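To start, the structure under review is shown below, and the notes come after it.
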2 protein chains.
Amino acid sequence: MAAVLQKKIRVILADDHPVVRDGLAAMVNQQPDMEVVAEAGDGEEAIALYQRHQPDVLVLDLRMPKCDGLAVVQRVLEINPKARLLIMTTYDGDEDIFQCLSHGAKGYLLKDAPRQEILSAIRAVSEDRPYTSSTVAAKALQRMAKPSLTERELDVLELVAQGRSNKDIARRLSITEGTAKTHVKSILTKLDAISRTEAVAVAHKRGLIRL
Amino acid sequence: MAAVLQKKIRVILADDHPVVRDGLAAMVNQQPDMEVVAEAGDGEEAIALYQRHQPDVLVLDLRMPKCDGLAVVQRVLEINPKARLLIMTTYDGDEDIFQCLSHGAKGYLLKDAPRQEILSAIRAVSEDRPYTSSTVAAKALQRMAKPSLTERELDVLELVAQGRSNKDIARRLSITEGTAKTHVKSILTKLDAISRTEAVAVAHKRGLIRL
DNA sequence: GGTCGCCTCTCCCATCTGGGGGATGGCGTT
DNA sequence: AACGCCATCCCCCAGATGGGAGAGGCGACC
């Protein structure tokens, strides 16, 4: 077959779990049309290896030590706007999906995806075709209809999620308690929550905050 | 070497991510002294396959579809009190660790562990030696000093984490608002939290509640 | 220059929350 | 039977929270 002669898809894997890297690498290297050229265990490494190897596809976990997945997406796309990124993660909050795709990632899939789906996603992305499962795409669309939080509101939200009081939040952000309350109220409205605790629950579900 | 002649360690892998199973299977099967005899993608399957194959070691993810990891631990140990279970998960909350180990799991390690550590854990557990990394062991010990929540308190905690008000919680549990408040107060005391939102944060960190 | 969004701050007020008590009955263990 | 633990209920009350409305300063964008 002539297909065998064409260049293989060169893949870099970035995931902080050695087991996952092994699994992916085994799967990829078994395919005649693709190969793993490097593996990264954290975000910085992923960026460095991308620059050195200029792979066809970078398979990226969100949530890695040193440099969050989204930050890697941004930095890699700054370096090469045509970079082909496939996000592969366990997190299915609309915020993560929306952020990655809107920043220019070509694909997004969940770690519990079957082998075949992972491989076809890599092939799709390598040809610059977007890959998104229907459930993931649906979440991205859902998210678009929802209001975004401002940076300041995210600052406040994080503290709310830690269980801080308005007074405490005000102290930490060097603002008035009244202002903190204003931000919290705005957060409640945007997240359609009645209480701060519900806001935290919603924020968690959406992937607005971590841990 | 005579060692090659001895029976291989028979391993079952239970994890809902095909990628992780592949990675583990590849690692294990490369070892001369162990082999994977079956793989499960959910809790029920894990129990069924354990009964059928009676492996030397069951490597188990917490948080799987159909039957939570801890439930699998309990059921398998009911079937065979001498079963050797190695928990392998991303969750490092003291509660998960404590529950699994106190129910009789022989080992507990995190998915970001390096290959060598995973393999030595499997070997240790197969010989009925406990395996626990120092950080994991430390958390289990920490947890022992902390008060446990009662079942009812856990019911309430779950609703608190969803952002429900005391009144709402009372309605859902068919109790008085006053009683709901009593439970919440008790939860706050036990978790050493000042507000319900902080209680939720602590509970999350400890693995008392999921998602 | 005007408009818009964001951050900041202010005031009022009803309600919820959390801390301090105490009390009852059930249920299992000793 | 006596004990402890738990779940259930009750009281009071200070302080935090959430809802509503408004307003000034500032930078970005048109």
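All chains are named by letter (A, B, ...) in the order of the sequence lines, taking the proteins before the strands, and each is independently numbered beginning at 1. As the structure is a computational prediction, the values presented were derived from the model and not from experiment.
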Exercise. When the C1' atoms of the five terminal pairs at each end define the local axes, what inter-axis angle does the helix from C:dG1-D:dC30 to C:dT30-D:dA1 show, to 10 degrees?
Worked result: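 Helix axis angle between the two ends: 50°.
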Using whole Å, report how far [atom1] of [X] lies from [atom2] of [N].
| X | N | atom1 | atom2 | value |
| --- | --- | --- | --- | --- |
| B:R152 | D:dC9 | CZ | P | 9 Å |
| A:E151 | D:dA28 | CD | P | 13 Å |
| A:I169 | D:dA16 | CD1 | C1' | 12 Å |
| B:L149 | D:dA7 | CG | P | 10 Å |
| B:I187 | D:dC6 | CD1 | P | 13 Å |

Near [X] [atom1], under 6.0 Å, is it more than 12 heavy atoms from other residues, nucleotides or ligands?
| X | atom1 | value |
| --- | --- | --- |
| B:K66 | NZ | no |
| B:R75 | CZ | no |
| A:I194 | CD1 | no |

Exercise. In this structure, which one of A:K139, A:R206, A:R63, A:R143 forms a side-chain hydrogen bond (donor to acceptor under 3.5 Å, both in side chains) with A:D96?
Worked result: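 So, applying the side-chain hydrogen bond (donor to acceptor under 3.5 Å, both in side chains) to A:D96 and each of A:K139, A:R206, A:R63, A:R143, only A:R63 qualifies.
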Exercise. Are the side chains of A:M34 and A:V57 in touch, meaning some heavy atoms are under 4.5 Å apart?
Worked result: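 They are not in side-chain contact.
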Exercise. Would a 4.5 Å heavy-atom cut-off, applied to side chains only, mark A:V125 and A:L85 as touching?
Worked result: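 A:V125 does not reach A:L85 side chain to side chain.
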For this session: Check step by step if side-chain contact (heavy atoms from CB on, under 4.5 Å) holds for A:I118 and A:M88.
Result: CA-CA 9 Å; A:I118 297 173; A:M88 167 149 192; 3.6 Å; yes
For this session: Using the side-chain hydrogen bond (donor to acceptor under 3.5 Å, both in side chains) rule, take A:S133 and A:E117 through it: C-alpha gap first, then chi angles, then the decisive distance, then the call.
Result: CA-CA 9 Å; A:S133 73; A:E117 185 173 0; 4.6 Å; no
Problem set entry | Per-nucleotide protein contact string for nucleotides 9-18 of chain C, where B marks a base within reach and S marks sugar-phosphate only (heavy atoms under 4.0 Å, - for neither) | BB-----SBB
